[in-house]
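First comes the structure, then the notes that go with it.
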Amino acid sequence: MRDRFSDMGRSDKGIDADGLVRRFKDVEAVAGIDLTVAPGEIYGFLGPNGAGKSTTVHMLTTLLPPTAGRATVAGFDVARQGPQVRASIGAALQEAALDPFLTGREHLRLQSSLHGITGATRRALIVRLLDRVGLTHAGDRKVRTYSGGMKRRLDLALALIHDPSILFLDEPTTGLDPQSRTALWNEVGRLAHEEGVTVFLTTQYLEEADVLADRVGIIDHGRIVAEGTPAQLKAEIGKPTVEVVPERPDDLERLRGLLRRFGIETAARPGAFAVQLDGHGDLPAVIRALDTDDVRAAEINLHQPTLDDVFLAKTGHTLEGAEAE
């Protein structure tokens with residue numbers, strides 16, 4: 001859409017927050033977070049329900065004033081320059097504000113009019129956005145007939161109507177089927193990588209953060225407890241785990257002695273033994289040792305660290321979204 005709007009509203013600045021706090025009476029929902037999101041980056045904000053994700057988004061999008069600290073979005077202060085912030089961003093929040101009695105096309109027409117986009121420019125833009133989010137054939141249907149995935153895709157189109165430089169997506173795929181989730185992932189990735197849109201994505205789905213995000217911030221109880229690329233975060237918590245199920249149950253004790261040469265014992269399912277590799281060998285070395293010691297394996301599994309492992313290591317508990325995956 002850059003050609004149509006000549007980069008209207010585009011910014012070469014991302015998001016910066018310094019000591020951002022939000023209190024509700026005696027509850028500190030966000031407890032002084034610092035973060036920086038570079039232009040064109042997809043930043044995954046990962047955490048359980050109630051961790052402070054949505055409250056952070058509401059402050060960054062000017063829907064809530066910070067109790068303390070400061071933040072700039074697209075170079076504008078969220079507390080003092082709200083209109084400029086809102087002109088630079090698009091937002092698809094958890095609850096889509098859609099009228100069930102309007103069609104998808106009517107929603108886009110209304111939203112574009114609010115941004116001063118009219119006439120032939122508006123008509124062409126609506127056609128393009130409906131195609132972009134896969135709603136061309138449903139554009140003239142009333143929203144009350146839309147599935148959950150279709151509503152989320154329409155909400156994304158509405159957020160993009162004025163060609164924002166920064167896009168906030170607050171748990172955009174919650175409740176969606178895998179096909180709708182993948183379609184939305186593809187579009188978000190395209191926006192960032194092909195059009196340079198900065199994306200701030202909150203999620204409780206580990207796979208979503210792993211697939212989409214250039215960097216991840218993990219928030220728990222209002223504080224960022226870890227930050228980095230998914231690969232960096234997973235590398236921090238250790239080496240892969242090898243789990244072996246012996247073909248003969250009587251070999252379990254011999255297997256235990258063999259695998260302890262390669263790492264530290266870790267949790268395994270009944271009838272199996274597992275170690276976290278500590279640098280004294282890799283999977284091929286384990287397989288050679290099994291063959292040398294004549295311990296036949298019914299099953300060998302290599303478990304790479306995941307973001308769920310990172311979350312558990314950093315917070316002491318798992319993430320709800322991990323169960324859904």
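Here the structure is a predicted model, which means the values were calculated and not measured. All heavy atoms count here, side chains included; hydrogens, waters and symmetry mates do not.
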**Study point:** Results of side-chain contact (heavy atoms from CB on, under 4.5 Å) for Ile264 - residues two or more places apart only
**Key:** none
Check your understanding: How are the rings of His115 and His162 set relative to one another: parallel (under 30°), tilted (30 to 60°) or perpendicular (over 60°)?
Key -> parallel
**Study point:** Heavy-atom check, side chain of Thr173 versus side chain of Glu207, under 4.5 Å
**Key:** no
Point to revise | Arg215 side chain to Thr36 backbone, donor-acceptor under 3.5 Å | key: yes
Review point. Is there a side-chain contact between Glu106 and Thr103 (heavy atoms, below 4.5 Å)?
Key: yes
Review point. Distance-only, no hydrogens or angles: does the Lys53 side chain make a donor-acceptor pair with backbone N or O of Pro48 under 3.5 Å?
Key: yes
Review point. Just wondering, more than 12 heavy atoms not from Arg141 lying within 6.0 Å of its CZ?
Key: yes
**Study point:** Close side-chain approach of Glu227 and Tyr43, heavy atoms under 4.5 Å
**Key:** yes
Review point. Among side-chain atoms of Asp170 and Ser54, is any donor-acceptor pair under 3.5 angstrom?
Key: yes
Point to revise | Any donor-acceptor pair under 3.5 Å from Thr203 side chain to Glu208 backbone | key: no
Practice item. Decide whether a cation-pi geometry holds between Arg181 and Tyr205; the criteria are a distance under 6.0 Å from NZ or CZ to the six-membered ring centre and an angle within 45° of the ring axis. Key: yes
Check your understanding: Does Ile300 reach the side chain of Leu283, with side-chain heavy atoms less than 4.5 Å apart?
Key -> yes
Check your understanding: Quick check: does any side chain N or O of Thr55 sit under 3.5 Å from a backbone N or O of Gly52, one acting as donor and the other as acceptor?
Key -> no
Check your understanding: Honestly, is Arg22 close enough over Phe24, meaning NZ or CZ under 6.0 Å from the six-membered ring centre and within 45° of the axis?
Key -> yes
Review point. Which atoms form the tightest heavy-atom contact between Val73 and Val78, and what is the distance?
Key: CG2-CG1, 3.7 Å
Check your understanding: So do Leu154 and His107 actually touch side chain to side chain, heavy atoms under 4.5 Å?
Key -> yes
Review point. Would Gln276 and Asp278 count as having a side-chain donor-acceptor pair, cut-off 3.5 Å?
Key: no
Review point. Would a 4.5 Å heavy-atom cut-off, applied to side chains only, mark Ile33 and Met59 as touching?
Key: no
Check your understanding: Is it true that atom CZ of Arg223 has more than 12 heavy atoms of other residues, nucleotides or ligands lying nearer than 6.0 Å?
Key -> no
Review point. Only one of Gln304, His303, Lys234 clears side chain to side chain contact (heavy atoms under 4.5 Å, CB included) with Asp309; which?
Key: His303
Review point. Any luck finding a side-chain donor-acceptor pair between Arg86 and Thr62 under 3.5 Å?
Key: yes
